[in-house]
Amino acid sequence: MVKGINPNLSVTIGKLVLKNPVMVASGTFGYAEEFRDLIDLRKLGAIVTKTITIKRRHGNLPPRTCETSSGMLNSIGLENPGIDNFIQKKLPFLKSLGIPIIVSIAAEESPEEFEILIKQLDKINEVSAIELNISCPNQQKDKLISQDAKATFELISAARKLTQKCLIAKLSPNVTSISEIALACASAGSDALALINTLSGMSIDVKKRVPKLGAWAGGLSGPAIRPIAVKMVWDVYNKIKIPIIGMGGIVDTESALEFIIAGSTAVSVGTVNFVNPQASIEIIAGLKQYLVDNNIQNLNNLIGRLKACKD
Amino acid sequence: MVKGINPNLSVTIGKLVLKNPVMVASGTFGYAEEFRDLIDLRKLGAIVTKTITIKRRHGNLPPRTCETSSGMLNSIGLENPGIDNFIQKKLPFLKSLGIPIIVSIAAEESPEEFEILIKQLDKINEVSAIELNISCPNQQKDKLISQDAKATFELISAARKLTQKCLIAKLSPNVTSISEIALACASAGSDALALINTLSGMSIDVKKRVPKLGAWAGGLSGPAIRPIAVKMVWDVYNKIKIPIIGMGGIVDTESALEFIIAGSTAVSVGTVNFVNPQASIEIIAGLKQYLVDNNIQNLNNLIGRLKACKD
Amino acid sequence: MKIVQVKAKIISNKKLSGHYWHLEFVSGEIAKSALPGQFVDLRVINGFEPLLRRPISIHGVSGDKVKIIYEVLGKGTQILSTKKGGQALDVIGPLGNGFAYKPTLKSGGAKNILIAGGIGVAPLVFLAEKIKTVKPLILIGARTKGQILCTQEFKALGCKVELATDDGSAGLKGRVTDLLKNVLEQVKPSRLFSCGPHPMLKTVSQIALENKIKAQLSLEEHMACGIGACLGCVVLTKSGYQRVCKDGPVFSNEELIW
Amino acid sequence: MKIVQVKAKIISNKKLSGHYWHLEFVSGEIAKSALPGQFVDLRVINGFEPLLRRPISIHGVSGDKVKIIYEVLGKGTQILSTKKGGQALDVIGPLGNGFAYKPTLKSGGAKNILIAGGIGVAPLVFLAEKIKTVKPLILIGARTKGQILCTQEFKALGCKVELATDDGSAGLKGRVTDLLKNVLEQVKPSRLFSCGPHPMLKTVSQIALENKIKAQLSLEEHMACGIGACLGCVVLTKSGYQRVCKDGPVFSNEELIW
Ligand SMILES: Cc1cc2nc3c(=O)[nH]c(=O)nc-3n(C[C@H](O)[C@H](O)[C@H](O)COP(=O)(O)OP(=O)(O)OC[C@H]3O[C@@H](n4cnc5c(N)ncnc54)[C@H](O)[C@@H]3O)c2cc1C
Ligand SMILES: Cc1cc2nc3c(=O)[nH]c(=O)nc-3n(C[C@H](O)[C@H](O)[C@H](O)COP(=O)(O)OP(=O)(O)OC[C@H]3O[C@@H](n4cnc5c(N)ncnc54)[C@H](O)[C@@H]3O)c2cc1C
Ligand SMILES: Cc1cc2nc3c(=O)[nH]c(=O)nc-3n(C[C@H](O)[C@H](O)[C@H](O)COP(=O)(O)O)c2cc1C
Ligand SMILES: Cc1cc2nc3c(=O)[nH]c(=O)nc-3n(C[C@H](O)[C@H](O)[C@H](O)COP(=O)(O)O)c2cc1C
Ligand code: FES
Ligand code: FES
C-alpha cells in the first residue's frame with residue numbers, strides 16, 4: 001500500500017547531480033542509440049558510454065562472448081571507433097537526450113593517453129563526467145593500472161590536474177585489497193569509484209579442447225558475481241568516503257537495493273541490459289516504491305544502512 | 001561407442017599416488033562418514049577433511065549459509081573438534097576406508113600452530129598428505145596468509161622442514177596475482193597447489209536490511225565461480241610446474257574436464273556434494289568414458305592440453 | 001537407520017489451499033524407516049539454479065508412500081509446485097532425529113499437547129498418528145482461518161483440536177501460545193511437542209519451563225547439505241552449536257539457548 | 001524500421017521431426033515489418049540461468065503471426081520446446097538486416113538459387129515466398145533424409161527443390177555444395193542466397209566467386225545483446241569487424257573475409 005510520501009531519488013556524485021541513482025554500465029549499453037526503440041532513455045539517471053580510446057580499436061578475435069552459470073564471459077577488447085569518431089558520430093545523439101553523459105576512456109599503451117583524452121573531453125559541456133577505465137581485463141596486459149595502488153594514484157593525480165569535471169575511477173575486483181586501491185583513488189582526487197569491473201575468467205569447450213573465447217580469457221559478469229561485488233562495495237564504503245557507483249550482477253530492484261544498502265550512492269546496470277532491456281527503468285520505479293513502502297523520504301538515507309543481523 | 005582401450009586414470013601429486021584424480025574438497029564432505037550411506041567412499045581418489053585447528057572451534061554465528069545465483073555463500077568459520085578429537089573420533093573411520101586421506105589444517109592466531117599440527121599429523125601413517133588452508137575467508141582477519149607472498153613462503157618453508165609427507169597449499173582467489181603466490185609456494189617446497197578456495201562475498205536481505213549471513217560476509221562457491229577458478233588454474237599451470245588440484249564449481253564430468261584441460265592434475269569436488277552426493281563418483285566414470293571416446297590412454301596426456309581456438 | 005537417495009515417482013502434487021500444497025511420492029525405503037519429526041531433502045531441479053536442496057518434513061507415510069505438505073514461498077517451492085504425478089523427484093531421506101515420544105501412554109493418564117504454527121502442522125500429524133491410546137490434544141495457530149491446515153486429519157485420528165487465529169476468524173483471537181496458556185490452566189500434560197515459526201517455539205519453550213513440562217521443539221535453519229557435513233545449519237545449545245539437520249531438527253527445550 | 005520487445009502469446013509449439021520444432025506466436029508489430037533474413041531474440045526463462053536470449057530466424061509471417069523453426073541443441077532450445085500454446089514469450093525483434101533480393105525478376109530471366117544446410121532452411125522459406133514471378137531453385141542439404149525440412153513448403157510456393165544428403169538417403173549422396181556445383185553447370189543464376197553451417201557458407205562463397213555470381217549469406221555468431229550494443233557477435237569483413245546481429249546476419253560474399 002502506497003503511503004503519502006513522494007520520495008526523493010536524487011543523488012550527488014562529486015559535482016554531478018543525478019535525478020535518480022540508476023545508470024547503465026560501460027560496454028553494456030553501446031552508445032545508447034541501440035536501445036532507443038526499446039526504452040525511454042531520458043528516464044535514466046545517467047548513461048556511461050562504451051570505453052573510448054584515442055585511436056579506433058578493432059577489438060579481439062571472435063568468439064567474444066560465452067554463457068556461464070548465471071553469468072557470461074566477454075572478451076570484446078575495447079572495440080571502439082576512437083575519440084574523434086565518437087565525438088562526431090556517437091556523441092550528438094547522446095547530447096540530444098538531455099541527461100548526464102559519462103564518457104568512459106582507456107589507454108592502449110601508455111597512461112599519457114588518458115591525458116590526451118581528458119583534455120579533449122574537458123572541452124565538451126555535455127560530457128558530465130569522465131570514467132577512467134583502468135580495469136579492463138581484455139587488454140591482455142600483465143597488470144592493470146588498478147591492480148597497482150601507486151600507478152593508480154599517479155594516473156588519477158595527473159588526470160585530476162586536467163579537468164574540473166567529475167572523475168570516476170573504475171576498479172578491477174582482481175586485487176588483494178580493493179580498499180587499498182580505492183584509497184589511492186580518493187587521495188589522488190577521484191570524485192567517485194565505479195565498483196566492479198568484470199572478473200578475469202575462462203571457459204573451455206571440452207570436446208574441442210579449446211577456449212570458448214577467441215581471446216582465450218575474458219571478463220565474468222552477471223548475477224554470478226553479485227556477492228563478490230556487494231562485498232567489495234561494503235568494504236570500500238567502510239574505509240573510503242567518496243561516493244561509490246555499485247555494479248556487478250544487478251538484475252532487478254532487489255539486487256540494486258543490495259548495492260545501495262551496502263554503500264553505493266548510485267548503481268550501474270550492466271549485463272541485464274542484454275537480457276531485459278527494461279531492467280534499468282523497472283529498477284527506477286522499484287526503488288521509488290521501496291522508499292514509499294518503507295516510508296523513507298530520501299534515498300540518501302538508505303545508502304550504507306546495513307544493520308547487524310539478529311532475529 | 002566404446003573403443004578397445006582401458007585408460008589409466010592414475011595421477012601423482014608429490015609422493016602421493018591417486019588411483020583417479022577425483023577428490024572431495026575440504027569442508028564440503030565433513031569427515032566422510034556423513035556420506036557413507038550415500039556413496040561408495042572407497043572409489044574416491046582421495047578425501048580431504050574439514051579443516052582442523054589445534055583447539056576445538058565453535059565457528060561463526062548462524063545463519064552460516066545462503067544461496068546465491070548458481071552458487072552459495074558460507075561462513076562456517078572453521079568449526080571443528082580440534083586435532084585431538086579429530087584423531088580420536090574422526091580419523092579411525094577415515095583410516096578404515098583404505099584410500100588416501102588428506103588432512104586440511106589451519107592456524108587460528110599464529111602460523112606456529114601449523115608446525116604443532118604438522119608434527120602431530122606427521123606421525124600418522126594413514127595421513128597421506130597435509131593441506132595447508134592459508135586461505136579461509138571466514139576467519140575475519142585483515143589479510144590471509146595466502147594473500148601475502150612473503151608470509152606464504154615463510155609458512156611453507158617452515159612446514160616443509162617438519163614433514164616428508166605431501167604438502168598441499170590451498171590458495172585464495174582474492175589476490176592480484178595468483179601465480180605470484182603459487183610461485184612462493186613452489187619455491188618454498190610445496191608439493192602441490194589447491195586452487196581455489198572460496199571468493200569473499202556478501203548477500204543482503206533488503207527487506208530487513210541485514211546481511212544474510214550471521215558473520216556478515218562469507219565465501220562464494222559453486223558453478224558461479226567456475227570461470228574464475230579455471231582461469232587461475234590456467235595462469236598458474238603456465239608459470240609454475242608443481243601439480244595443481246583444481247576446484248571451484250565442478251558439478252559434473254564436463255566441468256571437471258575444464259579444470260584438467262586447463263592444467264589440473266587432480267580435481268576436487270566441493271559444493272555439488274550437497275546437491276548431488278553422487279557427483280564425484282559420476283565424474284570418475286565420466287572421465288574414464290571421455291578418455292575412451294577420445295582414445296586417450298592416460299589421463300596425464302590430457303592435463304593442460306588446451307589448444308588455440310580456430311574453426 | 002540408513003539414509004537413501006532415490007529418484008522417487010511422484011504420485012500426486014495438489015494444492016490444498018492458498019499457497020499450501022500436498023505432495024505424495026513412492027519410496028519404500030523412506031516410508032519404512034521414517035519417524036515423526038524427520039525430514040526429506042528435495043532437489044527441485046536438474047540444474048544448479050536454484051542450487052540447493054529443499055528440506056521438507058515428513059507429513060506421513062502409508063505403505064510405500066511418503067506424504068509432505070509445503071508452502072510455496074520462493075523459487076524452490078514454486079518449482080516444486082509445478083511437478084506432476086508420474087515425474088521423478090530426487091529425494092534424500094529420512095533425515096535427522098525425530099520427536100522423542102512415548103508411543104503408548106498410560107490410559108486415563110496425562111495427555112501430550114501438540115502445538116503447531118502455520119505449516120508446522122506437517123510433522124505433527126505424523127506424530128499424532130503414532131501416539132496410541134491417549135490421543136494428544138492439538139493446538140493450531142495461524143494468521144487467519146484459511147491458513148489452518150490438517151484439522152480434519154487430526155480429528156480423524158481421534159484428536160481434539162483447538163484453534164487460534166490472529167484475526168479471530170477461527171478459534172481464539174490471538175496467538176496459539178495464548179491458547180496454550182489457557183489450556184494449561186485446566187490440563188497438566190505429560191509433554192509438549194511443537195513445530196512452527198522461531199518466535200512461537202521460543203514462547204512455547206518458555207511456557208514449558210515455567211510450567212515444568214518437558215517440550216520437544218522442531219527447528220528450522222537454512223541448510224546446504226542436510227546430512228551433517230557442512231556445519232551450516234547450527235543452533236546454539238547448552239553443549240555448543242548443534243546441527244539442526246543431524247542432531248535435530250527436534251530438540252528438547254532444556255537443551256536450547258534462545 | 002522499429003525494434004520492439006513484446007510478451008507475445010504463443011499459438012502453437014509443435015515437434016516437426018527429430019530435434020526440430022515449429023513455434024508460432026502473435027505479434028502484429030513484428031509480423032508487419034519483418035523481412036526475410038531477419039531474426040528474433042527470445043528470452044526462454046524468467047530467471048537468469050540460462051542468462052542470455054536465443055536468436056532465431058523468422059521463418060515466416062501470416063497476418064499478425066510470426067513463425068519460427070528451431071533445433072533443440074542445448075539448455076535454451078530445450079526449455080523453449082517445453083513452452084505451450086497460450087503462454088507468453090518475451091521476444092525482441094525484428095532484428096538485423098535481411099537478404100538483399102529483387103522481389104520481382106524479369107520473367108523468363110535468370111533464377112535465384114537458395115542453398116540451405118540443415119536448419120538453415122528457416123529464413124529461406126520466408127525469402128522464397130517473397131520472390132515473385134520467377135520462383136527460385138531450392139537446394140537443401142542435410143546429414144540424412146529425416147533432417148531435411150520444409151520441402152513441402154517450398155514446393156507449395158512453386159519452387160523446384162533438389163536434395164543432397166551425406167548418407168544418400170535422399171537426393172544426391174554428398175554435400176549440398178556439390179549439388180550446387182552440378183546445378184551451376186546447367187543454370188546461370190542471377191544470385192545465390194544461403195543459410196547454414198559456417199563451412200558450408202564458406203564453400204558457397206567460394207563457388208559464387210569462381211562463377212562470378214553474387215551471393216547473400218546468412219551467418220551465425222554467439223550473441224549477448226542481439227541489438228548491436230555489446231560488439232560480441234562480430235565477423236571479419238573487408239571493412240573490419242562487423243556485427244552479425246546489426247550489420248548482418250546477412251552479408252554479401254564479397255564483403256566477408258573467411
Ligand atoms: C527441517 C525442516 C523441515 C521443514 N519442513 C517444511 C515443511 O514440511 N513444509 C514447508 O512448507 N516448509 C518446510 N520447511 C521450510 C522449507 O525448507 C523452506 O520454506 C524452503 O526451503 C523455502 O525454499 P524456497 O526456495 O521456496 O524459498 P527461498 O527463500 O527462495 O529459499 C532460499 C534459500 O533459503 C532456504 N530457506 C528459506 N526458508 C527456509 C526455512 N524456513 N528453513 C530452512 N531453509 C529455508 C531455502 O532452502 C533456500 O536454500 C522446513 C525446513 C526445515 C529446515
Ligand atoms: C541470427 C541467427 C539466427 C538463427 N536462427 C536459428 C533458427 O532459425 N533455428 C535454429 O534452430 N537455430 C537458429 N540459430 C541458432 C540458435 O541461436 C542456437 O542454436 C541457440 O542459441 C542454441 O541455444 P541452446 O541454449 O540450445 O544451446 P547452448 O549450446 O546451450 O547455448 C549456449 C550459448 O551459445 C549460444 N549458441 C549456441 N549455438 C549457437 C549458434 N549456432 N549461433 C548463435 N549462438 C549460439 C546460445 O545462444 C547460448 O548463448 C540462429 C542463430 C543466429 C545467430
Ligand atoms: C559485453 C561487455 C562489455 C563491457 N565493456 C566494458 C567497457 O568497455 N568498459 C568498462 O569499463 N566496463 C565494461 N564492461 C563491464 C561492465 O561495465 C560492468 O562493470 C560489469 O559487466 C559488471 O556489471 P554486470 O554484472 O551488471 O554486467 C563490459 C561488460 C560486458 C558484459
Ligand atoms: C560449506 C563450505 C565449507 C568449506 N570449508 C572449507 C574448509 O574448512 N577448508 C577449506 O580449505 N575450504 C573449505 N571450503 C572451500 C572448498 O573446499 C572449495 O575450495 C570451494 O568451495 C570451491 O569449490 P566448489 O565451488 O566446488 O565448492 C568450504 C566450502 C563450503 C561450501
Ligand atoms: S545442513 Fe549441512 S550440516 Fe546441516
Ligand atoms: S550480439 Fe551484441 S552486438 Fe551483436
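Naming convention: chains lettered A, B, ... in sequence-line order (proteins, then strands); numbering from 1 in each chain. Quantities reported herein were computed from a predicted structural model and do not represent experimental measurements.
- Per-residue counts of heavy-atom pairs under 4.5 Å with chain B were compared for A:Pro227, A:Ser70, A:Ala224; the largest is that of A:Pro227.
- The choice from B:Val206, B:Val251, B:Val233, B:Leu73 that makes the most heavy-atom pairs within less than 4.5 Å of chain A is B:Val206.
- Put simply, of A:Pro211, A:Ser203, A:Gly249, A:Gly71, the one with the most heavy-atom pairs under 4.5 Å next to chain B is A:Pro211.
- Neither the backbone nor the side chain of A:Ala229 has a heavy atom closer than 4.5 Å to any heavy atom of chain B.
- The most heavy-atom pairs under 4.5 Å with chain A, out of B:Leu220, B:Ile225, B:Asp235, come from B:Leu220.
- Contacts of A:Leu213 with chain B are made by backbone atoms alone, with heavy-atom separations under 4.5 Å and no side-chain atom involved.
- Listed here is the closest heavy atom pair of B:Ala308 and A:Val210: O-CG1, 3.5 Å.
- Taking CD1 from B:Ile204 and CD1 from A:Ile261, the interatomic distance works out to 6.0 Å, rounded to the nearest 0.5 Å.
- Put simply, the side chain of B:Lys208 does not reach to within 4.5 Å of the side chain of A:Leu306, judged on heavy atoms.
- Contact annotation: the side chain of A:Ile228 never approaches that of B:Met202 to less than 4.5 Å [non-hydrogen atoms, C-beta and beyond].
- With a 4.5 Å cut-off on side-chain heavy atoms, A:Ser200 and B:Lys231 count as touching.
- Side chains of A:Arg209 and B:Leu257 form no contact here, defined as non-hydrogen atoms less than 4.5 Å apart.
- The two residues B:Pro223 and A:Ser69 come nearest to each other via the heavy atoms CB-OG, 3.4 Å.
- For B:Thr176 (side chain) and A:Thr176 (main-chain N/O), a donor-acceptor pair under 3.5 Å exists by modelled atom type.
- For B:Pro173, no part lies near chain A; criterion is any non-hydrogen pair under 4.5 Å.
- For chain B, no part of A:Phe259 is nearby; none of its heavy atoms comes within less than 4.5 Å.
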